[in-house]
Protein chains: 2
Amino acid sequence: MKVSSQLRTHFPDGVFPARCPSRTVLDHVTSKWGVLILLALSEGTPLRWSELRRRAQGVSEKMLAQTLRTLDQDGFLHRDARPEVPPHVEYSLTPRGEELAALLVPLMAWIAQHAEDILAE
Amino acid sequence: MKVSSQLRTHFPDGVFPARCPSRTVLDHVTSKWGVLILLALSEGTPLRWSELRRRAQGVSEKMLAQTLRTLDQDGFLHRDARPEVPPHVEYSLTPRGEELAALLVPLMAWIAQHAEDILAE
DNA sequence: CTGTATCCGCACCGATACTG
DNA sequence: CAGTATCGGTGCGGATACAG
């Protein structure tokens, strides 16, 4: 069985329409910082804003905020703000986010394993 | 076993460095059109330029060329030009590309399956 | 048919300053 | 600590014209 048959259910002719929900979600998920944030949270431990900034090296405050908002709206992660001073906010994956991350992890693992060979050529 | 442990091998502390081979390859693979092209070819059938344009709806000639070049340089796909008039060029996945696509397909299948629910909220 | 070359707008993104 | 507001540049990406 060809692996691509999994796609035939939703894209019978192999065509990916320009404006469809799948494209939108795909863009959110595969966005430059979206992947890294989902991966960082894939371990299960809730992470704070500053910790996420540290893990996804190079992300600006603006892009972190924007990405977190998008992923939150899509229901992939949960924002837990404790009413404290100073503020203490934790981000964690929702069940839906965990499903998604479970598919992202093998991808990233494969990439990490082959990246050097790929760029060496 | 947590699924994320697959990443611990390469990112022991869960930190994704700014400038590392993995980031570069990740950006290539998760690029707007890169994913769609890899998925279109994941079926195994070689596709021609014009057919790829049709499948990845909305892609411009410029971006198709650019994306194909990148994926080719990374060794994910093979360009087969037959010396004919008019030109006949076929693109297909390399073994490496097939490995990658095999990880991309379940991701896209999951997204296609949940996209409407996700955006409905 | 399969591209390449060029122009150019605008959206993305980073940097900075500021706030609760 | 955890963000928001604003500005400016830059490179992505679309449109068009052209070539082999």
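In what follows, every chain begins at residue 1, and chains take the letters A, B, ... in the order their sequences are listed.
Put simply, CG on Leu64(B) is 17 Å from P on dC12(D), counting in whole angstrom units. Spacing between atom CD of Glu90(B) and atom C1' of dC1(C) amounts to 13 Å, rounded to whole angstrom units. In this structure, Arg48(A) places its CZ atom 10 Å from P of dG3(D), rounding to the nearest Å. When rounded to the nearest whole Å, the span between CD of Gln66(B) and P of dA5(C) equals 13 Å. If you measure from atom CG of Leu52(B) to atom P of dC1(C), you get 14 Å, rounded to the nearest angstrom. If you measure from atom CZ of Arg54(B) to atom P of dC1(C), you get 13 Å, rounded to the nearest angstrom. Distance CG (Asp80(B)) to C1' (dC1(C)): 15 Å, rounded to an integer number of Å. One atom, NZ of Lys32(A), and another, P of dG13(D), lie 12 Å apart when rounded to the nearest Å.
Each of Val59(B), Leu64(B), Leu71(B) was scored for a side chain to side chain contact (heavy atoms under 4.5 Å, CB included) with Trp33(B), with one residue passing: Val59(B).
Side chain of Glu61(B), nearest nucleotide from dG3(D), dG3(C), dG14(C): dG3(C). For Trp49(A), taking side-chain heavy atoms from C-beta onward, the closest of the listed nucleotides dG14(D), dG14(C), dA2(D) is dA2(D).
Side-chain contact between Leu107(B) and Val35(B) is absent, with no heavy-atom pair separated by less than 4.5 Å.
Once rounded to the nearest 0.5 Å, the distance linking CE of Met108(B) with CZ of Arg23(A) reads 7.5 Å.
Where Arg79(B) and Pro87(A) each meet DNA chain C at their nearest nucleotide, the meeting point lying more 5' is that of Arg79(B). Of the residues near DNA chain D, Lys62(A) and Arg69(A), the one whose nearest nucleotide (by heavy atom distance) lies more toward the 5' end is Arg69(A).
Residues Glu98(A) and Leu93(A) come closest through the heavy atom pair CG-CB, 3.8 Å.
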